[in-house]
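Following: one structure in structure tokens, then a few remarks.
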There are 2 protein chains.
Amino acid sequence: MSERIKVYQQVISEIQRLIKEDGYLPGDKLPSERQLSVQLDAARSSVREALRAIELLGVIETRQGEGTYFRDYQTYHAVELLASFILQGSQIQEELQQAKKLLENHVLSVDSLSDQQLGQLMKILDEPSLSKGEKHHRFFLVFFKANDNQLLLKIWRLMQDFSENMEQKAYPDQYYFDILKKHKNTIE
Amino acid sequence: MSERIKVYQQVISEIQRLIKEDGYLPGDKLPSERQLSVQLDAARSSVREALRAIELLGVIETRQGEGTYFRDYQTYHAVELLASFILQGSQIQEELQQAKKLLENHVLSVDSLSDQQLGQLMKILDEPSLSKGEKHHRFFLVFFKANDNQLLLKIWRLMQDFSENMEQKAYPDQYYFDILKKHKNTIE
DNA sequence: CCGTCTTTATTGGTCAGACCAATTAACTAT
DNA sequence: ATAGTTAATTGGTCTGACCAATAAAGACGG
């Protein structure tokens, strides 16, 4: 009846706790698999199941002969994978777009941009080699950095990765130019 | 130099292909671990590493004695996981509060609440046994459900959980009553 | 003393097999 | 035909072994 808790799940929790309480930072090395198996009183195979799972998530990185390292965000592999399983056009996609837009609209309302940041924006829009998706990404990346909230940035990036793997309706170019114009006015 | 491809990653690809090409539908049963290990020419432990990884993503579901089943993905299991790692990496309380408030303000702008939902809100505010934190949670839960975006709800809940472990400045009672009054007016 | 080469130890990657636990399928007796 | 029992299937976990890649330690020649 009750949910059986598998060892590898527990190990994941332990590692999570370990990262949290011992204050692991991106780049730090985790204990070896053998050491973890002793430390957590689980077979190495179970530890590995846990590590492989969160490696797929992109939380850690493991290199043979070296060890396992806590990893900072970059593109999560899992996202691409998941996107292939998720049915396109489902409600998930709509919810995702809504959530993503919510964050984007939020950072757009940043007080003011520096001249340098405005320059970045213009440069991005002028770059013909960039795909629509990449333009969108880089464009808003400037705003997210201006907004200076790492958490929102990370969440947005996650959503961005997801939505890149699904078909999304692109904005017309005018959309970006309007934003840019608005912020130019704010400065003068 | 070149990226070593681990067996468990290959197995994941194989399973992915299997699901795609053989037209597996949610609920269908996958081959057993032992069968897969023969079929894909990999040790059972490697197959398990792959299965555990995509199980964590929420793509499949495994029950002891029964088997492994392809699952209808709709629970945002992976998002939850990823978010939990992101959140715990971001130690900055202020960012968390800002992000949480962003979501809350968003759902507050829902078009209209039903009479029943308004009733729920009033009941929550009138309940003296609830702590400040619980009141806040339940109060906004009504709005999140009215807004009908499972993803936002999930993210908010995660933030809620994380911020509960930190001291958060509580809102005065008037805050909630003002919201309630506003939505009452909208109805009439 | 320094840098280089060799050897050793550590660490992940993979495999094989064993045994337990839960479920399912098959069988048997009533 | 049904209920109860037994056997087979399937996942869960553990142990130990061996390979591969890297890192650490030691030996050697300059």
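Predicted model only: the values in this text are computed from it and were never measured. Both backbone and side-chain heavy atoms feed into the values below; hydrogens, waters and symmetry mates do not. Within every chain, numbering begins at 1; the chains are lettered A, B, ... in the order of the sequence lines, protein sequences first and strands thereafter.
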Salt bridge [X]-[Y], side-chain N to carboxylate O under 4.0 Å:
{"X": "B:Glu104", "Y": "B:Lys101", "value": "no"}
{"X": "A:Glu95", "Y": "B:Lys154", "value": "no"}
{"X": "A:Asp126", "Y": "A:Lys135", "value": "no"}

Can you find an N or O donor on one side and an acceptor on the other, under 3.5 Å apart, linking the side chain of [X] with the base of [N]?
{"X": "A:Arg34", "N": "C:dG12", "answer": "yes"}
{"X": "B:Arg44", "N": "D:dG12", "answer": "yes"}
{"X": "A:Gln64", "N": "D:dA20", "answer": "yes"}

Can you find a side chain N or O atom of B:Thr62 that sits less than 4.0 Å from OP1 or OP2 on D:dT10? no
Output yes when at least one side-chain N/O atom of A:Thr68 is less than 4.0 Å from OP1 or OP2 of C:dG12, else no. yes
Side chain of A:Ala42 only, heavy atoms from C-beta on: which candidate in D:dT13, C:dT14, D:dC14 is closest? D:dC14
How do A:Ala43 and B:Ser32 order along DNA chain D: which one's closest nucleotide is nearer the 5' end? B:Ser32
Which part of the nucleic acid does B:Arg63 contact within heavy-atom distance under 4.0 Å: base, sugar-phosphate only, or nothing? sugar-phosphate
May I ask you to say what A:Ser45 touches in the nucleic acid, namely base, sugar-phosphate or nothing, with a heavy-atom cut-off under 4.0 Å? base
Output the rounded distance in Å from OH (B:Tyr8) to P (C:dG12). 14 Å
Length of the CD-P vector between A:Glu66 and C:dG12, whole Å: 10 Å
Below 30° counts as parallel, above 60° as perpendicular, anything between as tilted: where do the rings of A:Tyr171 and A:Tyr176 land? perpendicular
